[in-house]
Amino acid sequence: MSTLKLTRRRLGASVTAAVLAAILALPAQAEELKKVRFAYLLSDTLLSVFRAKDQGYFAAAGLDVDLIPVQGGPAVIAALASGEADIGYAAPVPPLNARAQGVPVKLFLTLGHEADPDRKYVWLVASKASGVSSLADVKGKKIAINGNGTGCELAWRDHLAAAGLSYDDAEVVVLPFPQQEAALEQGTIDVGCAIQPFYASISANPEIGAKVIARGLLADEKEPVISDSVIGTDAWLSENEDTAKAFAHAVVKARDELLANRALVEEAAVTYLDLTPELAKTLDYSVLKPEVDVKPGEVQRILDALVKAGILKTPLKAADVSIDLKL
Amino acid sequence: MKRLFLHPAAVLLAALLAWQIVALVKTTPLFPGPLDVAGALWDDGPRLIREIGHTLRRAVAGFALAALTMIPLGLAMGRIRALGFVGEPLVAMLATLPPPATVPVVMLFAGTGDLAKILVIAYAAAIPLVINAAEAARNLHPMLGLVGRSLGLTRLETLRLIALPSALPMLAVAARMAASAALLVSITSEMLLSTNGIGNYLQREQENFRLDAGLAGIVLISVVGLILNRLIAASERRWLGWHYQSRTAETQA
Amino acid sequence: MTALLRPVLALGLLAALWQAVVWAAVVPERYFPPIATVVQAGMSMIARGQMQQALFDTGSRAILGAIAVNLIGIGLGLAATGAPSLRRILDTVAAILQPVPPAAVVPMAVFALGLGWKLYAFVVVLVTIWPPYLATVSALAATNPVLLSVGRMAGFGPVAMLWHIRLPAAMPEILAGVRYATTIALIAVIVSEMITGRDGIGFLLFQKAFAIRIPEVFALMFAVGLLGSAMGLAVSAVYRGFAGWHLAQRGRAA
């Protein structure tokens, strides 16, 4: 009986405290939070965004961010174009492709970069049984991409061109990331294109005997290259530059905390990506550059590579496809 | 006047006109009008024909595989009670699995080549065939069963000589459903693991935001589906003419 | 009672077949896990409340969609039977739209309809409306002439004829269309969720595959089968209800 009373008293106290807190917080709440609908493709670099929302950093910056998961970069663009979302997150290739087709979207933030020699997060990985040990061996072999017009297609085209081969020299199979490990092990493909956490799983599989034949979105990454993008429509960006900046600051705050504490990263990977704790241990969460604003030179490198690979038919200027927020 | 106004062709034309007007007002590449689609159809014509060839080849193979295995199985399920008792709920359970979700499983056993796709297509086409075959065989007129017995037919002969012909009208309905399912899934499977076919074309163009080309592909699919439907209806009239004749005779009586 | 026994038996058979394939070791266990592992994965999803939530989201979409679309389809079938010019138009539309796969339309439909309920409604209507419509039209056109003359002798007008004779006689065929439509409504919902969903079984199938949780992917597929069976049983119950009505109508007409 006494314990019950105690809990009741404690409950009463916490309710009072909550009410008090609410009253104290009232002046801040009186300002309406600005609604931002964020359509995203699930990725480990987004842990900072999830954390910023759950820790209330967006709210503190006056933003009410609504997270909308979609499957695939083109779907992110579709969500923006249909007015279903204000901003979105995808690999850089889909929005640049969309821009080339006249869809009015621009890159305004990037959460990750790639650079030589080992900050590279796309792996072209062969099975031991395939006998492939370098790009030159790919001729006539079965290679996988996760979809047409994706980062994988760009990576294959760029690396093969650098090795003096053409994309058409190999037999390309479209195979979603989750199916590639089994296909490699069973020999239905010779070389896969993997990102995390699939690469970790493939390289840990003794039956495959993984051999990395190339790494990175582009073969030449002496200068950093953006590996993802936060995008908005031209109309939204022209009216909401301050909102975009507030969003960026909140994300950077959460990201700095994650970078400082490995345990937080693994916890977040389990919570938000649904990874098993073991798989979360293999996650490489590190950034090349602390800044998140998009620099024209970094965008231009991808644009030029897309044109060279034949994915983009006409050259584009970085200034037309991205905004440097100069945070 | 009213006749002309309500003619399907007139309605179709009006719909196309309305679509073109909306497209002209919207002026975005994400809402192409019928003229854009026609343009894409013209530009990509030869490629589209080649791709749909791959799609149809696999659809036909999958359909044939399903028909050859599932019609006998369905008839047996309808005639042999124990088989039907467990078989039917099993089929009902498998029928609700979306074919795209089965692709990864099939891939484990059949790789990523033509065989995998043909198996997924056969799976989709099998469902209406096996269900209708079982239903038709079960609802076989009791008199026909007795005829079989008095003729001293074995179980297998009863299936082949009595159950199969009397199930044909219902199988025709199932075949039509199975054929459209085969085409549908042939395209879907190409969107998930493929190097060619109209599904691969659609996916490629959509991911490159060429919506006019995507719609051109869909128009082609519609036309092919329409032709396929007509072909099946014609062969039905030809092969099942006796059934409809007896029905008309009944009506006239 | 046997109505429930049979799916359970079928599920057991499926599990046994599954396990036999595992034992045959054609495929590494990692990709095709033993049935016990799949059950365990399903249980852990139930414990986390994930499974129930997904079943509820997908199930409610599919059930609401199936009910609405079946009613619309039958309604259109009735209207088309009354108005031949409407029937010609609808038949043309059906012939044009029927072969189009939802997976091909969804990515483009998103541009026009967004990601919300409008998209689901569009996809479900697009693929599900034709079976009940076509079944209704063809069944009403094929009423046994003997029954029609009975109706005429009883002095029935067109409405009474439809209600007391043609509709009851057409019911079995219409319900076969309804049953098929209900199955594909579930498939259409899951496919939409796989492509653009934010919750539901289709989305979870995608998310689990990307987290390399293979046993949970299979547990979800079994759950889809069970959900489909449950919906099938519901349609059968409706069917039995109508069959009773059918007999009663026949009795009254005779």
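Residue numbers begin at 1 in each chain, while the letters A, B, ... track the order of the sequences.
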Trace of the side chain to side chain contact (heavy atoms under 4.5 Å, CB included) decision for B:Val223 with C:Ile96: CA-CA 7 Å; B:Val223 172; C:Ile96 290 173; over 6 Å; no

Residue among B:Leu211, B:Leu202, B:Leu183 with most heavy-atom pairs under 4.5 Å to chain C: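 Among B:Leu211, B:Leu202, B:Leu183, the one with the most close pairs to chain C is B:Leu211.
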
Residue among B:Gln203, B:Glu135, B:Met177 with most heavy-atom pairs under 4.5 Å to chain C: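 Max contact count across the listed options: B:Met177.
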
Side-chain touch [X]/[Y], heavy atoms, less than 4.5 angstrom:
X	Y	value
B:Thr96	C:Met231	no
B:Asn132	C:Tyr180	no
B:Pro98	C:Val224	yes
C:Val21	B:Phe109	yes

What part of [X] gets within 4.5 angstrom of chain B, counting heavy atoms only: side chain, backbone, both, or neither?
X	result
C:Ile190	side chain
C:Leu186	side chain
C:Val100	both

Side chain to side chain contact (heavy atoms under 4.5 Å, CB included) between B:Val105 and C:Met221, worked out: CA-CA 11 Å; B:Val105 187; C:Met221 285 173 64; 3.9 Å; yes

Main-chain N/O of B:Phe85 paired to C:Arg6 side chain as donor or acceptor, under 3.5 Å: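 Checking the backbone N and O of B:Phe85 against the side chain of C:Arg6, a donor-acceptor pair under 3.5 Å is found.
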
Residue pairs, two or more places apart or on separate chains, that pass ring pair (Phe, Tyr, Trp, His ring centres under 6.0 Å) and touch residues 5-29 of chain C: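 Checked against ring pair (Phe, Tyr, Trp, His ring centres under 6.0 Å) - neighbours excluded - the pairs reaching residues 5-29 of chain C are C:Trp18-C:Phe32, C:Trp18-C:Phe218, C:Trp18-C:Phe222.
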
[atom1] of [X] to [atom2] of [Y]: how many Å apart, nearest 0.5 Å?
X	Y	atom1	atom2	result
C:Gln98	B:Ile221	CD	CD1	14.0 Å
B:Leu97	C:Ile187	CG	CD1	8.0 Å
B:Leu184	C:Ile184	CG	CD1	9.0 Å

Neighbour count above 12 (heavy atom, 6.0 Å) for B:Arg57 CZ: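 Check passes, neighbour count above 12.
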
Stepwise side chain to side chain contact (heavy atoms under 4.5 Å, CB included) test for B:Met93 and C:Leu11: CA-CA 8 Å; B:Met93 205 170 278; C:Leu11 191 68; 3.6 Å; yes

Structural part of B:Leu228 lying under 4.5 Å from a heavy atom of chain C: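 Contact with chain C: none, neither part.
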
Most chain B-contacting option - heavy-atom pairs closer than 4.5 Å, from C:Leu90, C:Leu220, C:Leu14: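 Looking at each of C:Leu90, C:Leu220, C:Leu14 in turn, C:Leu14 comes out on top.
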
Which atom of B:Ala101 lies closest to which atom of C:Leu205, heavy atoms considered: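 Between these two residues, the closest heavy atoms are CB-CD1, 4.3 Å.
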
Chain C contact residues among residues 212-220 of chain B, heavy-atom distance under 4.5 Å: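 If one takes a 4.5 Å heavy-atom cut-off, the residues of residues 212-220 of chain B near chain C are B:Gly214, B:Leu215, B:Ile218.
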
